Protein chains: 2
Amino acid sequence: MTDLPPDPWFSTLPATRREALLARARASTAAAGARVYGLGDPPDGLWAVAGGEVRLVSYPAVGMESVAMILGPGAWFGELSVIDGGPRPHDAVVVKPARLLHVGLAAVEQVAQAHPLLYRDLGVLICSRQRSALNFMAHSIAQPIGVRLARTLAGAARSSGGAELHVRQEDLAAMIGVSRQTINKELKALERAGMVQLAYGRIVVRDAQRLRTVGEA
Amino acid sequence: MTDLPPDPWFSTLPATRREALLARARASTAAAGARVYGLGDPPDGLWAVAGGEVRLVSYPAVGMESVAMILGPGAWFGELSVIDGGPRPHDAVVVKPARLLHVGLAAVEQVAQAHPLLYRDLGVLICSRQRSALNFMAHSIAQPIGVRLARTLAGAARSSGGAELHVRQEDLAAMIGVSRQTINKELKALERAGMVQLAYGRIVVRDAQRLRTVGEA
DNA sequence: CGCCAATTGTCAATTCGGCGACAATCTGCG
DNA sequence: CGCAGATTGTCGCCGAATTGACAATTGGCG
């Protein structure tokens, strides 16, 4: 079938619910630039990235972009609106040509009817989101930019699995909320310290362990 | 019994689950300064504020405090660790002498056994948290401080119900992550614009509508 | 290969917020 | 009332990040 790469959340689901979801999932492909859903849309179900890359982005002001999350193969998303029925909290846009799985809202409710604990599973998924959000807020406030950058890189390297991140410095700037020039300066500092290696449109994490402990007492 | 003030989340719960929770809740009182639970603690169940004030706070660096949320009468908290079983993501401290309700972990699981949809309810609760977190991240990044302050005030006025906020300017500074002096300057600007009224240890929101739209195109 | 667009690297001028300091004001309490 | 501690109001200096500009480098494509 549609092979879905392993994911910390999805692979811990009991097999019955995992298969129930997959059985009702429909595969599709989307070109770079396509919008899976937009801010304010009513919920249309759960999504998963089977291949390519999807980003959850907001536009705090005209001409400004804030990247909330970068989703690679295996990642599920869209659970928030499915749980509470409210409008989508941000845009989901395809950045690299993607293969997607889609479980419609009605299908999710069918699965939930048969397996009420699915709501607990979705709760666990959103808990992990909430934990990273809290982590972000607690550690980003009033921390020097170098520290924030280091932790963002360490987190991205972990969630993407690999040490080679395909992000532009401009994307990092959007995620952390500073200018590209400042990101460049801080990245250079991390490179001099041997923790990362910079290339064109690509950053290689050399020492994730040390990145995580930048700025500790 | 223990009268619990109305709350947007709790009052939308179906009566059966609401009463099931209340039936297993134990009331207690806590003095200002007491810690309900601490960062890293294993989950011990759900809590509600029946009276007084509880704050969820982190300490991003030694000597620095970040206030994630201010909880007044009616507010439930502690759901994150109850759902995913993970450690507490921050401290919960009593700021004003409080009456608390506590539903132990075992009791929550009993209720969930009888009413599996409780997990959906808890999911909805955490969704509202996640929405404000996303809102914070999207709108706080690279927005002028005056805008962030205005939105924080508008949000606090709504969630607390009243127009009179009992917060010190220093608390606002901790929430937004800037210095007290800067907060003071921005508050003065909002006061000159007639949107708020400042007093000792207290801020009266005069025009929540306009606060919300500060900084729009 | 050779060009073009995208991305990175770097600089100076300027703006914004932090920090220390101190006065003014308010509240609670003896 | 009168005092002490807490909170607010305001100033000036300084460091950090933004902005705008431009050169250098890289990758894709005809």
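Everything numeric here is computed off the predicted structure, so don't read it as measured data. Heavy-atom basis, side chains included; hydrogens, waters and symmetry copies ignored.
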Checklist entry - Can you list every side chain to side chain donor-acceptor pair (under 3.5 Å) pair that touches residues 26-38 of chain A, not counting sequence neighbours? => result none
Item to check | R206(B) versus Q197(B), side-chain donor and acceptor atoms under 3.5 Å | outcome: yes
Checklist entry - Nearest-Å distance, NE2 (H166(A)) to C1' (dT8(C))? => result 17 Å
Checklist entry - If you look at every heavy atom in L211(A) and A150(A), which pair is closest and at what distance? => result O-CB, 3.4 Å
Checklist outcome for this item: Here the distance between atom P of dA17(D) and atom CD of Q143(A), to the nearest Å, is 12 Å
Checklist entry - OP1, OP2 of dT18(D) versus side-chain N and O of T182(A): anything below 4.0 Å? => result yes
Checklist entry - Would you call E164(A) and R202(A) a side-chain contact if the rule is heavy atoms closer than 4.5 Å? => result yes
Checklist entry - Can you check the E186(A) CD to dG9(C) C1' distance for me, whole Å? => result 15 Å
Checklist outcome for this item: Reading nucleotides 1-10 of chain D from 5' to 3' and marking B where a protein heavy atom lies under 4.0 Å of the base, S where only the sugar-phosphate is that close, and - otherwise, the string is ----BBSBBB
Checklist outcome for this item: Q197(B) atom CD is separated from dC26(C) atom C1', nearest whole Å, by 16 Å
Item to check | Residues Q143(A) and R148(A): side-chain donor-acceptor under 3.5 angstrom | outcome: no
Checklist entry - In Å and rounded to the nearest 0.5 Å, what is the CG to CG distance from L100(B) to L71(B)? => result 10.5 Å
